[in-house]
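Counting starts at 1 for both ligands and their atoms, following the listed order.
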Amino acid sequence: MTTIVTLNKPIIEDWLQQLADVMTDPGELLQLLQLDTHPELLKGKNARSLFPLRVPRAFVARMRKGDANDPLLRQVLTSSAEFTNPEDFITDPLAEQRTATPGLLHKYHNRALLLVKGSCAINCRYCFRRHFPYQDNQGNKKNWQLALDYIRQHPELDEIIFSGGDPLMAKDRELSWLIDELEKIAHIKRLRIHTRLPVVIPARITTALCQKFHASRLQIVLVTHINHANEIDNVLCDSMAKLKTKGVTLLNQSVLLRGVNDNVEVLAQLSNALFNAGILPYYLHVLDKVKGAAHFMVNDDEARRLINGLLGCISGYLVPRLVREIAGEKSKTPLALS
Ligand code: SF4
């Protein structure tokens, strides 16, 4: 079996084995990054009790050793700031805890979100679903059958969005079954998959998955969640290229994060790197006000200033739409630029 040698340990090119080997200990992570001489970074380790630390080694390999401000590290490292909560940062900022069937959200007229699986390969500290009651919305065949029944009864739906957690945590055979079932529903035309798993473990894009997408009558759109150009390496580009050759449309959505990508130059590098990887920048989200993530907040005026800055330095089609999700609204809400 081929291996990629990185940091202190070889990374095996099998996504399930990589998944079984994710890092969960902040101390080990900092040691690996030669940051164990920064005791202040460990002060937030108790935030694991709020939301566990979880990061695949293939993602850690893209972090800069010795850099306490590495933008990838900031997205995953526990922080004592997670214990400081302004009143408007709440556990369910998008009022998602009322589902149509367990794991199925029908928020928008023509599209419904199926929370295929409740777990992720990586735990992003800013995640708006970090408090979501996945235990009541388990990704299993019984709940998927209920969701499929609902979808059959709603002809206004033409697109299903696989979400999570991370939907690609489902095994290929589970995804294959779900895709087969959706294909039998005549009014479903498109399948959109929102995922971070192929970013953090590019080996998740298996040959079997590519073949399934290629053979499907559904138009497949895969939306990666990438926040910084350093997340994009050659291995990820190869995985995206495989999807492209199978006719999959590739889009990206990012979250605007303080200390990660709140800078015109960084956002321009991200857009260019995405396009080089065959991915079109689609959305830049302002942060959802979820409890534990206030330290990542960038305010609206600053967000607008960043987009205006981007418009002045990269091609228009590389500038993502600046949006916010408002609970109960029928679509994302664009932030007007002045
Ligand atoms: S991968 Fe997505 S759903 Fe999972 S923790 Fe990160 S932001 Fe949340």
salt_bridge(Glu40, Lys43) N-O dist < 4.0 Å: no
Top protein contact for atom 6 (Fe) of ligand 1, by heavy-atom distance: Cys124 SG, 2.4 Å
Lys291 atom NZ, neighbour heavy-atom count above 12 within 6.0 Å: no
For Gly165, atoms of ligand 1 separated by under 4.0 Å from a heavy atom: 3 (S)
salt_bridge(Glu159, Arg111) N-O dist < 4.0 Å: no
Sub-4.0 Å heavy-atom approach of Gly164 to ligand 1: no
Protein residue, atom and distance nearest to atom 8 (Fe) of ligand 1, heavy-atom basis: Cys127 SG, 2.3 Å
Protein heavy atom at shortest distance from atom 1 (S) of ligand 1: Arg196 CB, 3.7 Å
Whether Cys120 has an N, O or S atom under 2.8 Å from atom 4 (Fe) of ligand 1: yes
Closest contact, heavy atoms only, Pro93 versus Lys289: CB-O, 3.5 Å
Salt bridge present between Lys332 and Glu325 (N-O < 4.0 angstrom): yes
